[in-house]
2 protein chains.
Amino acid sequence: MKTKEQSAEALPLNTILDGDCIEVMNSLPAGSVDLIFADPPYNLQLKGELHRPDNSRVDAVDDDWDQFSSFKAYDKFTRAWLKAARRLLKPDGAIWVIGSYHNIFRVGTALQDQGFWILNDVVWRKSNPMPNFRGKRFTNAHETMIWAGRGEASKYTFNYEALKALNEGIQMRSDWVLPICTGHERLKDENGEKAHPTQKPESLLHRVLVGATNPGDVILDPFFGTGTTGAVAKMLGRDFIGIEREAAYRRVAEKRISKVRRFDRAALQVSASKRAEPRVPFGQLVERGMLRPGEELTSMNKRHKAKVRADGTLVGDDVKGSIHQVGAALEGAPSCNGWTYWCFRRDGKTVPIDVLRQQIRSEMTS
Amino acid sequence: MKTKEQSAEALPLNTILDGDCIEVMNSLPAGSVDLIFADPPYNLQLKGELHRPDNSRVDAVDDDWDQFSSFKAYDKFTRAWLKAARRLLKPDGAIWVIGSYHNIFRVGTALQDQGFWILNDVVWRKSNPMPNFRGKRFTNAHETMIWAGRGEASKYTFNYEALKALNEGIQMRSDWVLPICTGHERLKDENGEKAHPTQKPESLLHRVLVGATNPGDVILDPFFGTGTTGAVAKMLGRDFIGIEREAAYRRVAEKRISKVRRFDRAALQVSASKRAEPRVPFGQLVERGMLRPGEELTSMNKRHKAKVRADGTLVGDDVKGSIHQVGAALEGAPSCNGWTYWCFRRDGKTVPIDVLRQQIRSEMTS
DNA sequence: AATTGTAATGAATCACGAT
DNA sequence: AATCGTGATTCATTACAAT
């Protein structure tokens with residue numbers, strides 16, 4: 001019998017697997033991966049590969065048989081790899097897929113049809129895109145990423161505070177301005193040509209992985225290419241699994257990742273959410289004598305008062321209950337955070353009771 | 001026999017038609033419309049109520065017209081109206097459809113399947129979107145428009161130079177930064193409430209119509225709402241046909257459009273406004289690899305040191321936070337400009353991090 | 001009259017653990 | 001499975017009142 005630990009150990013962590021991504025994914029244990037990042041091909045030139053049954057010439061004006069057929073083939077491919085990907089994800093896992101208008105609508109539809117739950121579409125706004133030389137359309141200055149949970153109920157990872165910190169204290173938006181991959185970062189092959197036509201910038205993966213994974217998470221990239229996902233995962237102290245069928249890309253990726261150094265443990269620490277902090281019952285403040293039964297609390301806006309009781313509940317005008325319930329009732333609000341709503345008096349000053357909670361929490365950690 | 005001119009004259013130009021858009025479109029002559037702009041229901045699937053952190057309730061889009069039982073039902077509806085729309089278009093006609101991640105992938109797939117030829121996806125980046133109040137996802141800060149020709153061979157209209165002029169002489173990109181519709185532009189009903197939950201800004205339609213139509217063109221909007229498309233078409237000397245089944249919306253739109261005056265040619269010249277220098281989050285320096293997590297920064301006066309973390313915060317002696325917060329704390333100052341306070345080392349020299357910010361800014365403007 | 005402060009609001013798939 | 005209680009969470013802009 002396989003135990004959980006054995007399955008986990010069986011994962012080929014931090015390696016690049018050779019082969020067709022669907023077959024390889026199906027050979028790995030189900031429910032073992034935290035995040036999938038996928039940059040699937042969108043320029044499958046199926047027109048050339050698919051042949052019309054009777055070999056007749058296509059009238060370009062009003063015959064869309066060709067494109068229809070190629071979309072069908074692309075959909076089949078997309079649904080197959082997404083199905084294999086979904087099987088691999090842990091119940092609370094999530095997926096990111098990047099694409100352009102050529103393929104992203106097919107991908108999004110397939111994701112929704114297969115039960116993934118879209119969380120955001122994120123636009124990568126390129127600060128230095130290639131111009132439209134013929135002046136017949138808009139400069140194609142962005143690509144689209146879809147972020148989706150494995151299912152509607154998945155408790156996906158989202159490091160809200162870390163992303164907010166990355167954005168100078170303002171909530172991170174669904175449009176990201178980042179340059180395309182150029183200069184030293186752009187990998188070259190033996191001939192000095194670019195090693196991969198669509199190498200993604202590490203900055204993009206940095207933001208995805210800081211925001212949607214934690215250190216130690218397993219990230220799978222089924223279209224590994226030259227390994228941007230693996231390189232950034234390694235820097236950030238995450239584990240990766242790459243799948244790539246082109247030997248030339250694997251070679252470049254191996255070499256690249258071997259040179260990457262993991263950041264210090266301290267540097268990987270990221271601003272944490274308050275939700276993760278330990279819960280402190282209000283009653284503990286009374287038990288510890290930080291507040292005394294009978295003591296009067298005042299609301300932040302000074303409009304209401306309530307008295308502390310021995311069991312850690314409050315009594316106000318015609319209401320009693322928890323600090324939250326009494327606050328909500330007095331304000332006529334659907335809810336209320338009693339910790340920040342109520343204040344007590346010490347040495348002539350009015351202080352939020354949350355200060356006392358912080359005091360207890362700091363004692364807990366030290 | 002009907003001549004071309006008679007068909008054209010038979011069109012109910014510059015009127016708002018009452019009824020189901022599919023039936024109405026099928027009653028109009030085929031191949032008679034230059035451009036279709038469509039803002040279909042997005043099929044939002046909202047669960048409970050949502051409150052802002054100040055406990056005020058968010059007025060959600062919960063109208064009947066946005067309710068569909070399933071993706072299948074939504075697809076059926078989408079394919080039906082797109083088919084009717086395609087029949088109406090002239091051979092060289094084009095369509096714009098706007099949506100969000102809830103529906104746009106279904107729309108894009110349907111467009112491609114029906115033989116429309118996607119020319120660009122254009123991202124409307126909202127300068128003032130509603131935040132994500134629970135901190136569980138990215139701020140939903142954009143919507144997506146798909147621009148497609150009737151078919152692959154359609155010789156669609158694209159006023160390249162006009163758009164370039166609108167964009168201060170630089171080729172127009174596929175991402176447009178425009179504010180949402182508020183203030184005086186936002187139409188109110190008799191009770192002073194917003195007349196329509198999803199009124200689009202005129203600036204958006206202005207750019208679409210200047211770019212994708214010529215004066216005298218016929219523009220059809222099958223989900224007319226309060227008539228932004230009609231109002232902007234009239235201003236710009238284009239003809240419109242609106243279809244709207246809600247009498248209340250039609251009334252507001254009629255009144256609105258009657259007040260619109262067509263622009264003088266001279267008035268169409270847009271004056272360009274200078275922008276303030278773009279804000280660059282410090283985190284972007286880390287994401288882009290200009291500074292590495294774990295790297296040490298030194299204060300300008302060399303008295304203090306701090307280390308960079310992966311989320312763009314700093315850690316110094318007993319302090320962590322933004323470059324500004326840590327600088328202020330270490331100096332015991334009320335505030336501190338971290339950009340000019342902190343320095344890094346490169347090639348044996350100590351350089352203020354502001355140099356890196358300038359580098360990013362120059363990339364953004366070039 | 002000009003400035004400052006306060007309230008309102010926008011296409012939103014917006015919590016989670018204990019019982 | 002469903003319910004209940006705790007308590008975490010917002011940015012840009014406009015409108016209007018107060019100073």
Describe the nucleic acid contact of Thr182(B) in one word from base, sugar-phosphate, nothing, applying a heavy-atom distance below 4.0 Å. sugar-phosphate
Across the strands shown, which category fits Asp62(B) at heavy-atom distances under 4.0 angstrom: base, sugar-phosphate, nothing? nothing
Strand contacts (DNA chain C) in residues 278-290 of chain A, 4.0 angstrom heavy-atom criterion: none
Check: protein-nucleotides 7-9 of chain C nitrogen or oxygen pairs below 3.5 Å:
none

Any base atoms under 4.0 Å from Pro129(B), or only sugar-phosphate, or nothing? Heavy atoms, all strands. base
With a non-hydrogen cut-off below 4.0 angstrom, is Asn132(B) in contact with a base, only sugar-phosphate, or nothing? base
Can you figure out which of dC11(D), dG7(D), dA11(C) approaches the side chain of Phe133(B) most closely? dC11(D)
Please pick, from dA15(D), dC14(C), dA12(C), the nucleotide with the shortest atom-to-atom distance to any side-chain atom of Arg134(B). dC14(C)
Winner on side-chain proximity to Pro53(B), out of dT9(D), dC16(C), dA12(C), is dT9(D)
Pair of N/O donor and acceptor under 3.5 Å linking dA8(D) base with Ser335(A) side chain: yes
Mind checking whether Trp147(B) and Phe138(A) have parallel, tilted or perpendicular rings, split at 30° and 60°? perpendicular
Check every strand shown and say whether Thr340(A) touches a base, only sugar-phosphate, or nothing at a heavy-atom separation below 4.0 Å. nothing
With respect to the side chain of Leu44(B), which nucleotide from dA11(C), dG7(D), dA12(C) is positioned closest? dA11(C)
Between dC16(C), dA12(C), dT13(D), spot the one nearest the side chain of Val58(B), thanks. dA12(C)
Taking any heavy-atom pair under 4.0 Å as a contact, classify Cys336(A): base, sugar-phosphate, or nothing. base
Is a donor-acceptor pair below 3.5 Å formed from side chain Lys200(B) to base dA11(C), judging by atom type as modelled? yes
Which part of the nucleic acid, if any, lies within reach of Ile323(A) when heavy atoms closer than 4.0 Å are counted: base, sugar-phosphate only, or nothing? nothing
Checking all strands, does Asp66(B) fall into the base, sugar-phosphate, or nothing category for heavy-atom contacts under 4.0 angstrom? base
Students often get this wrong, so: under 4.0 angstrom with heavy atoms, is Arg275(A) touching a base, only sugar-phosphate, or nothing? sugar-phosphate
Output the single nucleotide from dG7(D), dC11(D), dA11(C) whose closest atom is nearest the side chain of Trp339(A). dG7(D)
Given that both pair distances must be under 3.5 Å and the pair must be Watson-Crick or G-U, what runs of three or more consecutive pairs involve DNA chain C? C:2-10 with D:11-19, C:15-19 with D:2-6
